[in-house]
Amino acid sequence: MNKWREKFWGRAYIVTVLFLLPFNLIAMLFCWRRYEDRSVIHIGERRHIQARFVNILRGYGVKATYLAVGKDDHNIQCDIYLPHISSPFFAAIRDSITLWREVSLHEVIHCHCMMGVSHYQWELILLKIMKRKIIAHFRGCEGREKQLNINTFPDTNICENCDYAPDYLCQAGENRRRRWFARKYATNILVTTPDLCTLWPTSIHVPFFLPDFELPDTKVKLDPTIVGRPLSLVHVTNQPGIEGTEEIVAIIETLKRDGYKIEFHHVFERNHDEVKAALMNADCSIGKMKMGYYANAQIESMMLRVPAITWVRDMYMTHELHESGFIFSTLEELKETLIQIIESPSLLEDKREISHLSILKLHDHDVIYQSLCDAYSWQS
């Protein structure tokens, strides 16, 4: 949709919503107390992470619903799917009906990336008036502000070489609007990584739930010297600029010229199964070298008994992290780290032995569920 059509669509949609306001106010009165206790609806894009999130909550006995919006993906299960509708008139009607038939029947409205049923999140105003608990859950750049992030972390940050330039994701109108709604209407704000807590001081850090992976067979041990087979190193990202990919590749090329054997695989724009297959065949993975904390790709790697090289800022480092299967390094120290891994295979073997168990402890589902109960104001 070009900018002119998008502008026209938006104005026509808003006019239709205003026209439907009397109907929505009447429906609000009828639905005011029509919700189940301990019920939550998750709204967001159709992604594996959200689907997994909802299924885990159901395992704890929670009445959880997954409402997906945006691009379709039949490989990901959801309870309700709302595709884009080209007609702003019918889109406004559809959103209003969905609000009262589905969303309002839940006690908690959990908005991943602060997304709502409608493109403009107008329904959150009515839900807030109805005393529903609105949870804003920021997962990445939609929750960041470029200049604030640079000012907060001037040494190294993911905004230095942003892949979204010049149309920065964080500065897009829809994400500015979502952050405004979060500050104005959210009961609580959740973030998946602690670096976002610095940008959202009142937020709650709720780590990722673990992926549902079957463990691979015991991996082949590395040869005892660098004369053996190359080290298989996998880098999973669709945003090389915010990961430090250019610097990683340069360091690996330098090591190759020095005679070290490394097979570097950049997994770019691949589906979930392809990412999993690449990780399972790797000796080690590397990623998130500029953000200051690890993310989902590194968790998936560790779940598959593949140690992950990553960078965690000193302010977020804990004893549990230090003793885990992660291999911590910086871009400045990465060359020495890779040399140590190649020349001392026992280091990687030791990390591999504890990688799976340590990530289970770091992302204990019972602890994460308790954090969610606290955010929802539920008794666990």
Side-chain angles (χ1 to χ4, degrees), residues 13 17 20 23-24 27-28 30-32 34-88 90-140 142-143 174-175 177-178 181-182 185-190 192 206 208-209 272 369 372 375-376 378:
Y13 179 89
V17 169
L20 293 171
F23 161 77
N24 284 318
M28 183 177 71
F30 276 101
C31 298
W32 194 282
R34 290 181 62 240
Y35 67 87
E36 286 190 44
D37 291 334
R38 296 182 66 85
S39 62
V40 55
I41 186 166
H42 288 257
I43 304 174
E45 293 180 334
R46 199 162 182 172
R47 294 185 175 179
H48 286 284
I49 294 175
Q50 273 88 286
R52 173 76 171 150
F53 204 110
V54 171
N55 285 333
I56 289 173
L57 287 183
R58 287 171 178 163
Y60 282 97
V62 175
K63 183 184 183 300
T65 303
Y66 180 20
L67 188 155
V69 298
K71 293 181 179 179
D72 196 8
D73 187 341
H74 296 292
N75 296 317
I76 302 173
Q77 293 183 343
C78 64
D79 301 299
I80 308 163
Y81 172 59
L82 302 183
H84 175 74
I85 296 179
S86 57
S87 167
F90 288 114
I93 293 175
R94 189 274 310 273
D95 293 348
S96 295
I97 292 173
T98 304
L99 169 61
W100 306 119
R101 290 185 59 181
E102 305 290 349
V103 180
S104 68
L105 304 183
H106 296 78
E107 178 187 3
V108 177
I109 319 300
H110 190 128
C111 303
H112 295 265
C113 302
M114 199 51 189
M115 298 182 74
V117 170
S118 74
H119 182 67
Y120 295 98
Q121 293 86 40
W122 57 265
E123 73 280 2
L124 298 180
I125 300 173
L126 300 182
L127 290 167
K128 186 71 172 181
I129 294 173
M130 296 169 69
K131 306 298 183 182
R132 299 298 192 268
K133 299 167 187 174
I134 298 172
I135 304 298
H137 196 160
F138 290 118
R139 295 182 167 276
E142 82 288 339
E174 60 187 27
N175 285 323
R177 183 173 62 250
R178 290 172 187 172
F181 268 99
Y185 295 103
T187 307
N188 279 308
I189 296 172
L190 312 183
T192 54
V206 177
F208 290 94
F209 279 121
H272 197 248
Y369 175 66
L372 285 171
Y376 296 164
W378 289 352

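Count residues from 1 along the sequence.
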Which atom pair, heavy atoms only, marks the closest approach of [X] to [Y]?
{"X": "Gly143", "Y": "Phe138", "result": "CA-CD2, 3.6 Å"}
{"X": "Leu124", "Y": "Cys111", "result": "CD2-SG, 4.1 Å"}
{"X": "Ala64", "Y": "Leu57", "result": "CB-CB, 4.2 Å"}
{"X": "Ala375", "Y": "Ile135", "result": "O-CD1, 3.7 Å"}
{"X": "Asn75", "Y": "His48", "result": "O-CE1, 4.2 Å"}
{"X": "Leu127", "Y": "Val103", "result": "CD1-CG1, 3.9 Å"}

Mind running side-chain contact (heavy atoms from CB on, under 4.5 Å) on Val117 and Val69 for me, showing each step along the way? CA-CA 7 Å; Val117 170; Val69 298; 5.8 Å; no

Just do the side-chain contact (heavy atoms from CB on, under 4.5 Å) check on Ile49 and Arg139 with the steps written out, would you? CA-CA 11 Å; Ile49 294 175; Arg139 295 182 167 276; 3.5 Å; yes

With sequence neighbours left out, what residues match Tyr376 under ring pair (Phe, Tyr, Trp, His ring centres under 6.0 Å)?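 With neighbours one apart ignored, the set is His110, Trp378.
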
Pairs in or reaching into residues 67-80: which pass salt bridge (Lys or Arg N to Asp or Glu O under 4.0 Å), with residues at least two apart or in two chains? Arg46-Asp72, Arg58-Asp79

Selection residues 116-125 - residue pairs positive for salt bridge (Lys or Arg N to Asp or Glu O under 4.0 Å), sequence neighbours left out: none

Could you tell me if the side chain of Asn24 sits less than 4.5 Å from the side chain of Trp122, heavy atoms only? yes

Kindly say whether [Y] contributes a backbone atom to a donor-acceptor pair with the side chain of [X] at under 3.5 angstrom?
{"X": "Arg177", "Y": "Gln121", "value": "no"}
{"X": "Arg47", "Y": "Glu45", "value": "no"}
{"X": "Tyr13", "Y": "Phe90", "value": "no"}
{"X": "Arg132", "Y": "Ser104", "value": "yes"}

Starting at [atom1] of [X], measure out to [atom2] of [Y] and round the result to the nearest 0.5 Å.
{"X": "Leu126", "Y": "Ser96", "atom1": "CG", "atom2": "OG", "value": "9.0 Å"}
{"X": "Asp95", "Y": "Tyr120", "atom1": "CG", "atom2": "OH", "value": "11.0 Å"}
{"X": "Ile109", "Y": "Lys128", "atom1": "CD1", "atom2": "NZ", "value": "11.5 Å"}
{"X": "Tyr185", "Y": "Ile129", "atom1": "OH", "atom2": "CD1", "value": "7.5 Å"}
{"X": "Thr98", "Y": "Leu82", "atom1": "OG1", "atom2": "CG", "value": "4.5 Å"}
{"X": "Arg101", "Y": "Arg94", "atom1": "CZ", "atom2": "CZ", "value": "12.5 Å"}

Among residues at least two apart in sequence or on other chains, which ones pass salt bridge (charged side-chain N to carboxylate O under 4.0 Å, His left out) with Arg52? none

With sequence neighbours excluded, what pairs up with Glu107 under the salt bridge (charged side-chain N to carboxylate O under 4.0 Å, His left out) test?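 Once residues adjacent in sequence are excluded, the partners of Glu107 under the salt bridge (charged side-chain N to carboxylate O under 4.0 Å, His left out) criterion are Lys133.
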
Can you pull the ring pair (Phe, Tyr, Trp, His ring centres under 6.0 Å) pairs that have at least one residue in residues 54-76, sequence neighbours excluded? Tyr60-Tyr369

Decide yes or no on side-chain contact (heavy atoms from CB on, under 4.5 Å) for Ile41 and Leu105, but give the supporting numbers first. CA-CA 9 Å; Ile41 186 166; Leu105 304 183; over 6 Å; no

For side-chain contact (heavy atoms from CB on, under 4.5 Å), just list the numbers for Leu190 and Leu372, CA-CA rounded to whole Å, side-chain angles, deciding distance to a tenth of an Å, and then say yes or no. CA-CA 9 Å; Leu190 312 183; Leu372 285 171; 3.8 Å; yes

Applying the side chain to side chain donor-acceptor pair (under 3.5 Å) criterion to His42, which one of Gln50, His106, His112 satisfies it? His112

